[in-house]
Amino acid sequence: MQTIQISLPENVIKDLEGIKHQLADLKKNFQPKEPTEFLTRQDVAKMLSVDLSTVHNWTKKGILTANQIGGRVYYIRKQVENSLIKLNK
């Protein structure tokens with residue numbers, strides 16, 4: 001077996017180094033997409049430590065957004081979390 005050494009042009013080497021840096025930045029900043037988590041009314045009530053009637057009232061007022069599949073009502077966890085308002089003291 002014989003090995004042959006090939007030298008790459010300087011511009012190709014610079015391009016490869018640039019690609020390496022871009023890949024390193026991408027790996028560092030990459031955030032995998034989380035799957036959507038659906039919650040039932042009971043899950044939301046438990047999460048917020050409130051009664052089911054409160055979850056129902058907040059949904060009617062538009063504070064929480066409900067989604068329906070068939071006869072079942074679900075809430076998206078991120079939307080419930082985003083419904084919380086930070087108090088400025």
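- A distance of 7.0 Å separates NZ of Lys78 from CG of Asn82, quoted to the nearest 0.5 Å.
- In terms of the salt bridge (Lys or Arg N to Asp or Glu O under 4.0 Å) criterion, residue partners of Lys14 (sequence neighbours excluded) are, by chain and number, Glu10.
- There is no path of hydrophobic side-chain contacts, each under 4.5 Å, that joins Leu39 to Ile69.
- Partners of Asn67 by side-chain contact (heavy atoms from CB on, under 4.5 Å), not counting sequence neighbours, listed by chain and number: Ile76, Gln79.
- The other members of the hydrophobic cluster of Leu23, by chain and number, are Ile19 (side-chain heavy atoms under 4.5 Å, ILVMFWY only).
- Looking at residues two or more places apart in sequence or on another chain, you find a side-chain hydrogen bond (donor to acceptor under 3.5 Å, both in side chains) between Thr59 and Tyr75.
- Residues passing the salt bridge (Lys or Arg N to Asp or Glu O under 4.0 Å) test with Glu81, sequence neighbours excluded: Arg77.
- Between atom CG of residue Leu16 and atom NE2 of residue His21 there is a gap of 11.0 Å, rounded to the nearest 0.5 Å.
- Note that CG of Leu64 is 5.0 Å distant from OG of Ser83, once rounded to the nearest 0.5 Å.
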Can you give me every donor-acceptor pair (side chain of residues 43-52, partner residue at least two apart or in another chain, under 3.5 Å) with its distance?
residue, atom, partner, partner atom, Å
Asp43, OD2, Thr40, N, 3.1
Asp43, OD2, Thr40, OG1, 3.2
Asp51, OD2, Ser53, N, 3.4
Asp51, OD2, Ser53, OG, 2.8

